[in-house]
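The basis for the numbers below is simple: all heavy atoms, side chains too, and nothing from hydrogens, waters or symmetry mates. Lettering follows sequence order; numbering is per chain, from 1.
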Amino acid sequence: MTPSIEAVGLTKRFGAFTALDHLNLKVDGAKCVGFLGPNGAGKTTTLKMFTDLIFPSEGEAFINGISVQKDRKRALEVCGDLIESPEIYPSLTPREAFQMSGALRGMRSDEVASRTKIVLEEVKMTEWADQKFGSFSKGMKQRVNIAAALLSDPEVVILDEPSTGLDPRGMAEVRTIVRGLKKGHRLIFMSSHILSEVIDVCDEVALLDRGKLLFADSLSNVTQRLGGGVRAVEAEFASPLDETVLAAQIGTFPEVAAWSRTDAQRITLQVKGGLVEQARLLEKIAAMRLGLLSFRESRSALEEVYLREISVGDA
Amino acid sequence: MSATPTFAPADGAPPADDGTLGTVPSTISQALILSRYQFRDYLRSRRFILMMGIVLAAGAILTTVVAYYRPAGLIDNADDLYGGLWAGGAGVVIVFAGIIFGGDAIAGEFQNKTGYFLMGLPIKRTTVYAGKYLATLAASIVSLVVYLIIVTGNAVYYLGLNAFSVPGPLIESFAITLLYLLALLGFVFLFSSLFKTSAYAVLVVAVLFLFGFSIIQEVVLNLAHTEPWFLLSYVNGINAYPLTGVPAHVQTVRNPFTRATSTAYNPTYLEGILVMAGYWLLTTIGGLLSFEREEFT
C-alpha cells in the first residue's frame with residue numbers, strides 16, 4: 001500500500017482564534033515532505049490532529065486512508081511520530097520504554113530487541129540504553145524520542161521539529177537519519193522552520209502561514225514557479241574563477257538569466273527553465289574543466305520564496 | 001490555497017520492507033502491558049518509598065500504642081484484633097495510596113508530557129486510562145498487603161497460632177477493602193482527569209479524602225440529622241463487619257456528660273457495597289469521558 005496522509009477541511013479553533021483554517025492536503029508515496037511555516041502558523045496543531053492529541057473543530061485527518069478521529073488505533077498502527085519532545089516515564093530506561101512501546105504495537109520481543117539496537121545506534125544512544133530516561137539531558141531525550149518514533153519501522157513518520165534541543169552535531173545527525181529513512185518505502189512528514197534542514201532532506205514542501213496553506217509542491221517546482229521561472233543554483237570551484245570566464249562564457253549560456261559571485265570560488269547562477277536546463281548547464285560548465293566541485297540548487301532560493309510568501313501574508 | 005494539492009509518488013523508491021512490524025494487540029492486552037510498565041515505574045519511584053514509609057510509620061505507631069496500652073478487648077481474639085487494627089487502618093492506607101499513586105496519574109500525562117509518548121502509539125485513550133488504573137490498583141494493593149503483614153505480626157505476637165484462626169472473615173474483609181479501594185481510585189482518577197496540573201489534582205483529592213468528606217459527614221449527621229449513606233467515607237467501615245459483626249443500623253447514643261441522646265447510623269452491608277460499587281462505576285465513567293475529551297494542547 002502506498003503510504004499517505006490527508007487532511008480534509010481540517011480546522012482548529014481555540015475560542016475565537018483559528019489556529020488552522022480548512023487545511024486540504026494530500027501527501028502520498030515514499031518521500032519526505034517538509035511542513036514549513038513561521039512560529040504560530042499551525043504546524044504543530046496540524047500534526048497533533050494527525051496523531052489525535054487534539055481534536056479538529058471541523059474536518060478530518062487520515063493516515064493510509066483511515067480516519068485518525070474515527071479509529072486512532074488502526075490509523076496510528078503504521079505511524080511513528082514525534083510531537084513536541086515527549087517524556088518517557090523517568091524511571092524507565094530507553095530499552096524498557098521501547099519494550100513497552102513495542103509490546104503495545106504488537107511487536108515480538110526479539111523484533112523489539114533487534115530494532116532497539118538499530119534505532120539506538122542510529123541516534124548514537126546505544127551506551128545509554130540501560131540508563132534511566134529521567135537522568136538524560138534535553139538533547140539525549142530528543143535522540144531517544146526519535147529512536148522511539150522509528151522503533152516499529154513505520155510506513156508513515158510524522159516528525160514535529162525533530163532537531164529541537166539538539167546541538168549542531170545532533171541536528172546534522174537528524175538530517176542523516178531522515179535521509180536514511182527515505183531509502184525505505186515510507187512517507188516522512190516533517191515540520192520545521194529550519195529551511196536548510198528542509199532543503200537538505202525534503203523532496204517536497206508545504207508552506208503554512210496563519211493557519212492557511214500557501215502552497216504545496218516539490219522543492220524545485222516551488223523555487224521555480226514562485227521564483228518567476230528562474231532557479232538559483234550555486235556552483236563551487238576548486239580554484240578562484242577568472243572574471244572574464246564568468247562574463248564571457250558562463251554568463252552567455254542561454255540557460256543563465258543572471259549570475260553573481262558569492263566569493264572567489266563560488267558563484268550563484270539564476271537558471272532559466274527546469275531540471276533539464278539545469279542538467280544541460282551543468283554539463284557545459286563541467287566540460288569547461290574549471291575544477292567544478294559542486295553544483296546544486298541554492299539554499300537561499302527557498303528562503304527567498306518563504307520570506308516573500310510570508311510577507312505577502314503579513315501585508 | 002483551497003484546492004487539494006496532490007504530490008506525485010517519488011520516482012524509483014523501491015519498497016524496502018513490508019510495512020510496520022507486528023499486529024497491534026487487543027485493548028485488554030494493551031491495558032495489561034501498560035499497567036506492567038507503569039507499575040514498574042511506581043516501584044522505582046520516590047513516591048513508592050514515601051508510601052512504604054507511611055505504611056511502616058503507621059504500623060510502628062500502631063504496634064507501639066497496642067504494646068503500651070494492651071487494650072483487653074483488642075488483643076484477646078483474632079476477630080477483634082483484625083477488626084480493630086486491620087479494618088480501621090486499611091481505609092487510611094487506601095486514602096494515602098490513592099493520593100500518592102493516583103492523584104496525578106492522569107494529570108501527570110499532560111503536565112509531564114508522558115502522554116505525548118503514549119498517545120502517539122496505536123492505543124485507545126480508554127486503554128491508557130485502564131492501564132494506569134490497574135497499575136495504581138496494584139501499587140495500592142502492595143501497600144495494603146504490607147500493612148496487613150504488620151497487623152498479622154502483631155496478631156501472631158499476642159495470639160500465637162490463633163492469629164490465623166479467621167481466614168474466611170479476613171478474606172471477606174480484604175475483599176470489601178478492595179471494593180473500597182476500587183471506588184476511591186475511581187474517584188481519584190476522575191479528579192486527576194479533570195485537571196492538567198498534577199498539584200491541583202493531588203491537592204483536591206487530598207483535601208477531599210483527608211478532611212472534606214469527614215466534614216460533610218458531620219454536617220449531614222448533626223445538622224440535617226440524616227444518614228449520610230451517599231458518602232464513600234461513611235460506608236468504608238463495613239470492611240470490619242465480617243470480623244466484628246454487623247452493628248444495628250440505627251442506634252440511640254446517650255452523651256455520658258450531657259445525658260442528651262442522639263441518633264447514630266451504621267451503614268448496612270448492602271448499602272455499603274452498593275454505594276462503593278456505584279462510586280466506582282460512576283466515577284470511572286466520568287473519568288473516562290473526561291480523559292476522552294481532554295486535549296494535549
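Heavy-atom proximity under 4.5 angstrom to chain A picks out nothing from residues 177-186 of chain B. Contact annotation for residues 48-57 of chain B against chain A (heavy-atom separation below 4.5 Å): no residues qualify.
Gln30(B) places a side-chain N or O within donor-acceptor distance of the main-chain N or O of Leu104(A), the cut-off being under 3.5 Å. Judged by distance alone, the side chain of Lys48(A) and the main-chain N or O of Phe296(B) form a donor-acceptor pair under 3.5 Å.
With respect to chain B, the highest number of heavy-atom pairs below 4.5 Å among Ile88(A), Leu23(A), Thr51(A) belongs to Ile88(A). The greatest number of non-hydrogen atom pairs below 4.5 Å with chain B, out of Lys12(A), Lys132(A), Arg74(A), is found for Lys12(A).
The two residues Gly120(B) and Asp81(A) come nearest to each other via the heavy atoms O-OD2, 2.8 Å. Here the shortest heavy-atom pairing between Ala97(A) and Phe117(B) reads O-CZ, 4.2 Å. When every heavy atom of Arg125(B) is checked against every heavy atom of Leu53(A), the shortest pair comes out as NH2-O, 3.4 Å. Taking all atoms of both residues into account, the shortest heavy-atom contact from Ala103(A) to Pro25(B) is O-CG, 3.3 Å.
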- Message: Is there a side chain to side chain contact (heavy atoms under 4.5 Å, CB included) between Arg72(A) and Ile123(B)? Walk through the geometry before answering.
- Response: CA-CA 7 Å; Arg72(A) 79 180 315 275; Ile123(B) 185 169; 4.2 Å; yes
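A donor and an acceptor atom, one from each side chain of Tyr89(A) and Gln38(B), are located under 3.5 Å apart.
With values rounded to the nearest 0.5 angstrom, Lys113(B) atom NZ is found 11.0 Å from Ile83(A) atom CD1. Here OG1 of Thr114(B) is found 10.5 Å from CG of Leu92(A). Values are rounded to the nearest 0.5 Å.
A 6.0 Å sphere centred on OH of Tyr279(B) holds more than 12 heavy atoms belonging to other residues, nucleotides or ligands. Within a 6.0 Å radius of CD1 in Ile118(A), more than 12 heavy atoms belonging to other residues, nucleotides or ligands are found.
Only the backbone of Asn112(B) comes within contact range of chain A, judged by heavy atoms closer than 4.5 Å. For Leu43(B), no part sits under 4.5 Å from any heavy atom of chain A, backbone or side chain. For Ser85(A), the part lying near chain B is the backbone, with the side chain staying farther off; criterion is any non-hydrogen pair under 4.5 Å. For chain A, no part of Arg36(B) is nearby; none of its heavy atoms comes within less than 4.5 Å. In this structure, chain A has no heavy atom under 4.5 Å from any part of Ser29(B). Proximity to chain A is limited to the backbone of Glu292(B), based on heavy atoms less than 4.5 angstrom apart. Interface remark: Pro90(A) contributes backbone and side-chain atoms alike to the contact with chain B (heavy atom separation under 4.5 Å).
Between Phe14(A) and Thr297(B) the shortest side-chain heavy-atom distance falls below 4.5 Å. At a threshold of 4.5 Å between non-hydrogen side-chain atoms, the residues Leu121(B) and Ser101(A) count as touching. The shortest side-chain heavy-atom distance between Thr127(B) and Lys73(A) does not fall under the 4.5 Å cut-off. Two residues are said to be in side-chain contact when any heavy atoms from C-beta on lie closer than 4.5 Å; Glu295(B) and Phe55(A) meet this criterion. Put simply, the side chain of Met100(A) does not reach to within 4.5 Å of the side chain of Arg40(B), judged on heavy atoms.
Sorted by first then second residue, the side chain to side chain donor-acceptor pair (under 3.5 Å) pairs that include residues 143-154 of chain B, not counting sequence neighbours, are Thr63(B)-Asn154(B). The list of side chain to side chain donor-acceptor pair (under 3.5 Å) pairs with a residue in residues 42-60 of chain B, not counting sequence neighbours, reads Glu96(A)-Arg44(B), Tyr42(B)-Thr136(B), Arg47(B)-Asp104(B).
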